[in-house]
Amino acid sequence: MSLLVRKKYLSCYLTLLWIQAGFQIYMRKDLSPPTRKSKRVFQVYGCVVTCQDMVEKKDSVEVFDKVSNWQLFEKVFVETWLKRRIFHIVRTNTTMSSSTILFYADYYAHPEHYNSVFHEKIAPYASVIVNCMYWEPRFPRLLSTKQLQDLTSKGCRLVGISDITCDICGSLEFVSQSTSIDTPFFRYDPLNKSYHHDMEGEGLICSAVDILPTEFAKEASQHFGDILSDFVGKLASTINISQLPAHLRRACITHGGSLTSLYGYITRMRKSYSEENLENPASSNSNKKHKILVSLSGHLFDKFLINEALDIIEAAGGSFQLVRCQVGQSTKDISVSEVEVSADDGGVLDQIIDSLTSIAKPVGDRPLNIETNNISLRLGEVQESDKKEDDIKRKSRVLILGAGRVCQPAAELLSSIGSTSACHWSKTCLDDDFEEQNNVHVIVGSLYLQDAEATIEDIPNTTAVQLDVMDHANLYKYISEVEVVISLLPASCHVIVANACVELKKHLVTASYVDDSMSTLDAKAKSAGITILGEMGLDPGIDHMMAMKMIDQAHIRKGKVRSFTSYCGGLPSPAAANNPLAYKFSWSPAGAIRAGRNPAIYRSNGETVHIAGENLYDSAVKLRIPELPAFALECLPNRNSLVYGELYGIAHEALTVFRGTLRYEGFGEIMGALARIGYFSTEPHPLLKDGKKPTFRRFLLELLGTKGGHMDVDATLRGEKDIAERIVSRGYCKDQGTAVNTAKTIIFLGLHEENEVPSSCQSAFDVSCLRMEERLAYSSTEQDMVLLHHEVEVDFPDDQVTEKHRATLLEFGRMQNGKTTTAMALTVGIPAAIGALLLLRNKIKTRGVLRPIEPEVYLPALDIIQAYGFKLMEKVE
């Protein structure tokens with residue numbers, strides 16, 4: 001949906017509800033400017049009422065009269081606003097005897113003495129409520145869930161809520177979730193106490209878009225821009241900035257091509273922290289005899305206190321070198337700068353310290369008082385070292401084994417620790433001390449050195465090495481030099497690496513399933529004091545984390561999981577799904593085709609369901625994800641789902657446990673038809689034996705013409721229609737539509753062409769893999785997509801409402817500097833790197849063989865995943 005359409009969509013929302021309600025707008029048009037001053041109010045169909053207008057004193061003698069008709073509603077509320085009697089309690093026959101000001105003061109000082117009467121006075125007569133009221137938990141709610149339920153049971157006419165404030169469970173208690181620009185509404189059914197994301201059915205249509213200000217109309221933006229451009233033009237043309245108002249003068253950073261005096265510290269601090277000083281200590285403070293480390297804290301930059309401190313140092317004949325600088329991110333935050341102050345004469349240094357102390361507020365070990373304009377001062381010794389700045393930081397080292405596509409994003413994340421590029425996400429789990437004192441150096445080992453070198457190209461803090469895991473001495477050499485190892489090798493190689501890690505007492509992370517060979521190392525890993533963290537990828541990996549977060553939260557609230565369903569798939573982005581299968585391969589298709597022949601088992605409503613491998617494609621069912629309604633998907637059962645009931649601790653409570661593989665709709669039917677034709681048979685085919693090279697068309701005719709041992713070669717089998725009819729006549733498809741789509745796929749793959757089949761193909765499976773690898777590959781500009789979706793239904797004790805929790809991950813491949821990183825590589829490589837990072841930071845304290853199903857793993861990992869930029873969506877109904 002385009003931005004313009006979305007804006008129109010939102011703009012029309014209330015208008016549509018008003019039409020449905022049949023209500024007239026009661027807003028007066030002769031409002032003079034003085035009556036339009038800003039107030040924190042809420043709005044009901046153009047009638048503005050303050051929070052005082054809807055409360056009554058507890059245990060009051062007089063009881064409010066209900067508004068009996070719309071004319072009275074108009075008179076009371078509109079006139080109350082127009083006459084600015086907004087601090088009076090609304091009555092139909094009288095007003096408070098106390099003054100407006102006294103009521104105002106008393107209400108805000110003691111809101112606990114008041115009850116809301118909105119549900120009695122206004123809500124029964126309103127069709128739409130637009131809530132713009134400032135609210136805090138200490139104030140009475142505008143409308144509680146119980147009050148709304150009572151109103152609905154009495155036939156309340158309310159049909160819509162637009163909560164501009166978007167206070168979740170706030171003044172409108174039943175607004176329990178925010179909405180987005182793309183999906184701006186949800187439906188709440190008060191009588192059934194249920195939430196829905198469709199517009200059909202009983203209940204209120206609710207909108208609570210938390211980023212609604214970003215959807216200002218174009219005219220408003222244009223108006224503001226016109227005013228701003230005029231202002232900026234005049235400001236830019238100012239010759240003498242001393243004539244500017246004080247607040248603008250302080251905000252002026254540069255003038256006439258130079259920094260203004262208030263911001264002169266920037267040049268001074270940058271000069272002290274220059275590369276020349278770092279690389280040539282003799283040119284900086286290192287040749288001074290007397291030096292001390294000074295830590296300055298306070299509002300150094302927003303109140304320009306740093307200028308006074310630097311003036312003192314330089315005026316006395318001393319010099320300084322910036323060691324560390326941390327700038328507060330808001331006016332409430334303090335900033336910290338550590339500078340090495342030095343002088344040739346000890347007396348000069350003492351004078352500097354005395355002068356700094358005179359303007360500072362010495363605090364010792366006490367907390368800083370950030371409300372003052374003082375600088376807080378701490379003194380320390382300068383650590384002498386002959387090492388360069390790059391060596392002062394302790395470098396943690398991580399070895400990544402395997403230089404495939406997954407390696408690159410993992411190496412990039414780890415090597416960025418301590419750099420400015422990591423600031424946006426690393427603050428999530430890393431302490432400032434760890435970031436500032438640690439770099440991570442990544443060693444990428446591959447059987448072929450050129451692969452490792454290509455992987456780390458343009459990635460700082462990395463080294464490529466040639467490494468064969470079967471070379472015992474070399475493997476042990478590199479593992480001994482690092483703190484953590486990430487194995488991205490084939491699963492069969494993990495146990496070799498794991499045994500070496502146990503012996504050398506080094507942590508290990510893999511993205512593969514924890515099989516029996518790895519599980520048996522649990523005791524040895526515990527004895528060695530190391531963690532072997534397996535299944536730290538996408539599936540398995542992120543799927544575990546998202547599932548366990550929901551399940552653990554349900555169990556903490558004493559809930560029982562009734563149903564757990566999980567769907568995951570690597571797919572082309574919609575734009576790249578441009579073939580009849582709507583599918584493409586970023587790796588060899590052989591694995592994906594074989595996976596489609598695996599048997600499956602799952603539990604559905606208490607019954608165990610078995611799917612034979614040859615029937616797997618035919619078991620695909622249509623799936624729609626509420627958060628992503630544009631995706632036409634289907635799912636196929638994924639192997640043994642029952643083991644996940646045990647793994648997640650829900651085997652004895654969940655009636656449904658299902659894990660499925662996602663594909664675009666129609667995939668299963670086509671693949672099932674190709675399987676029945678014989679294209680996935682791994683048996684050597686007679687037509688391909690002994691170096692024979694039939695054409696692809698000849699091989700197609702062989703497969704379609706064989707039935708009951710008789711050959712029927714039809715030379716007229718040319719086009720899509722002929723192939724589809726032959727597929728139906730041979731019983732490979734019962735549905736004509738499926739047969740046509742299968743014929744389209746055969747033609748797209750070139751399985752009907754006159755080219756010779758290469759001699760390397762010995763079976764129909766080989767032929768299919770060859771053509772799919774050639775014709776279903778991503779182009780250099782196409783994106784893949786990863787979609788992971790969980791649904792968990794939870795029952796709570798005491799007959800509470802059943803909740804349905806949904807969690808969705810949607811990630812697309814990324815292109816940067818002309819290079820594409822697939823979504824699959826990102827969602828496997830980034831979790832593996834995060835696992836290594838958590839081990840480096842000692843966030844994971846459990847030793848032995850682990851999966852990311854424990855809170856100490858999945859909680860920080862999910863935080864970093866989201867901070868890194870992965871889109872995780874969570875909903876509760």
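Both backbone and side-chain heavy atoms feed into the values below; hydrogens, waters and symmetry mates do not. Please read all numbers here as calculations on a predicted model, not as lab measurements.
- Atom CZ of Arg639 has 12 or fewer neighbouring heavy atoms from other residues, nucleotides or ligands inside a 6.0 Å radius.
- Here the side chain of Ser768 pairs a donor or acceptor atom with the backbone of Tyr679 at under 3.5 angstrom.
- Contact detail for Lys584 and Pro572: the closest heavy-atom pair is N-CG, 3.5 Å.
- Summarising the geometry, atom CD1 belonging to Ile551 is positioned 12.0 Å from atom CD1 belonging to Ile556; distances are rounded to the nearest 0.5 Å.
- The aromatic rings of His472 and Tyr476 sit parallel, their planes meeting at an angle under 30°, below the 60° perpendicular limit.
- A distance of 8.5 Å separates CD1 of Ile417 from CG of Leu840, quoted to the nearest 0.5 Å.
- Between the side chains of Arg405 and Thr822, no donor-acceptor pair of N or O atoms lies under 3.5 Å.
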List the atom pairs, with distances to 0.1 Å, where a side-chain N or O of residues 454-461 and a protein N or O form a donor-acceptor pair under 3.5 Å, not counting sequence neighbours.
unit_1	atom_1	unit_2	atom_2	d
Thr455	OG1	Ala403	O	3.1
Thr455	OG1	Asp451	O	2.9
Asn461	ND2	Ser415	O	3.1

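- Leu826 approaches Glu811 most closely through the heavy-atom pair CD1-OE2, 4.1 Å.
- Inspection of the Ser763 and Asp766 side chains reveals an N or O donor paired with an N or O acceptor under 3.5 Å.
- Leu571 approaches Leu662 most closely through the heavy-atom pair CD2-O, 3.6 Å.
- More than 12 heavy atoms of other shown residues, nucleotides or ligands fall within 6.0 angstrom of atom OH in Tyr513.
- Here the side chain of Asn474 pairs no donor or acceptor atom with the backbone of Leu467 at under 3.5 angstrom.
- With rounding to the nearest 0.5 angstrom, the CD1 atom of Ile834 is 15.5 Å from the CZ atom of Arg841.
- By the 4.5 Å heavy-atom criterion applied to side chains, Leu581 and Met671 are counted as neighbours.
- The closest side-chain heavy-atom distance from His494 to Ile532 is not below 4.5 Å.
- Screening residues 599-615 for side chain to side chain donor-acceptor pair (under 3.5 Å) gives no qualifying pairs among residues at least two apart or on separate chains.
- Between the side chain of His789 and the backbone N or O of Tyr567 there is no donor-acceptor pair closer than 3.5 Å.
- Side-chain contact check for Leu489 versus Ile496: every heavy-atom pair is 4.5 Å or farther apart.
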Could you go step by step and tell me if Val786 and Ile542 meet the side-chain contact (heavy atoms from CB on, under 4.5 Å) rule?
-> CA-CA 11 Å; Val786 163; Ile542 299 178; over 6 Å; no
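- Here Met548 contributes atom CE and Ile853 contributes atom CD1; the two are 6.0 Å apart, rounded to the nearest 0.5 Å.
- Side-chain N or O atoms of Arg397 include one that pairs as donor or acceptor with a backbone N or O of Glu481 at under 3.5 Å.
- Between the side chain of Glu856 and the backbone N or O of Lys845, at least one donor-acceptor pair lies under 3.5 Å.
- To the nearest 0.5 Å, atom NE2 of residue His805 and atom OG of residue Ser563 are 12.0 Å apart.
- Proximity of Glu874 to Met550: side-chain heavy atoms (C-beta onward) are nowhere separated by under 4.5 Å.
- Checked by atom type and distance alone, the side chain of Lys549 never pairs as donor or acceptor with a backbone atom of Tyr858 at under 3.5 Å.
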What do the steps show when you test Asp539 against Leu788 for side-chain contact (heavy atoms from CB on, under 4.5 Å), and what is the final call?
-> CA-CA 9 Å; Asp539 178 3; Leu788 171 61; 5.8 Å; no
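- Using cut-offs of 30° and 60° for the angle between ring planes, the Tyr648 and Phe564 rings count as perpendicular.
- Residues Ser566 and Met546 have side chains not in contact (no heavy-atom distance under 4.5 Å, counting atoms from C-beta outward).
- Residues Phe658 and Cys635 form a side-chain contact, since some pair of their non-hydrogen atoms from C-beta on lies under 4.5 Å apart.
- Between the side chains of Thr846 and Glu854, no donor-acceptor pair of N or O atoms lies under 3.5 Å.
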Check the pair Phe765, Arg597 against side-chain contact (heavy atoms from CB on, under 4.5 Å), reporting the backbone distance first and the verdict last.
-> CA-CA 12 Å; Phe765 179 80; Arg597 310 295 286 168; over 6 Å; no
Evaluation steps, salt bridge (charged side-chain N to carboxylate O under 4.0 Å, His left out), between Arg557 and Glu803 | CA-CA 12 Å; Arg557 295 169 57 202; Glu803 291 183 354; 2.9 Å; yes
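- Contact annotation: the side chain of Phe812 approaches that of Pro574 to within less than 4.5 Å [non-hydrogen atoms, C-beta and beyond].
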Take Tyr195 and Val876, measure what side-chain contact (heavy atoms from CB on, under 4.5 Å) needs, and give me the verdict at the end.
-> CA-CA 8 Å; Tyr195 292 85; Val876 179; over 6 Å; no
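- Separation of atoms NZ (Lys524) and SG (Cys501) is listed at 13.5 Å; rounding is to 0.5 Å.
- For the residue pair Gln783 and Tyr778, the shortest heavy atom distance occurs at O-CE2, 3.6 Å.
- For Asn842, the CG atom counts as densely surrounded, since its 6.0 Å shell holds more than 12 non-hydrogen atoms of other residues, nucleotides or ligands.
- Counting all heavy atoms, side chain and backbone alike, Tyr478 lies closest to Gln466 at CE1-O, 4.5 Å.
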Could you walk me through whether Arg851 and Glu535 pass the salt bridge (charged side-chain N to carboxylate O under 4.0 Å, His left out) check?
-> CA-CA 6 Å; Arg851 295 178 176 90; Glu535 305 189 6; 2.9 Å; yes
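- The nearest pair of heavy atoms linking Ser487 to Val497 is OG-CG2, 4.3 Å.
- Taking 4.5 Å as the limit, some side-chain heavy atom of Leu636 sits within range of a side-chain heavy atom of Tyr617.
- Paired with Glu791 under the rule salt bridge (charged side-chain N to carboxylate O under 4.0 Å, His left out), one option of Lys875, Lys804, Arg659 passes, and it is Lys804.
- Of the possible donor and acceptor atoms, one in the side chain of Asp784 sits under 3.5 Å from a partner among the backbone N and O of Ala823.
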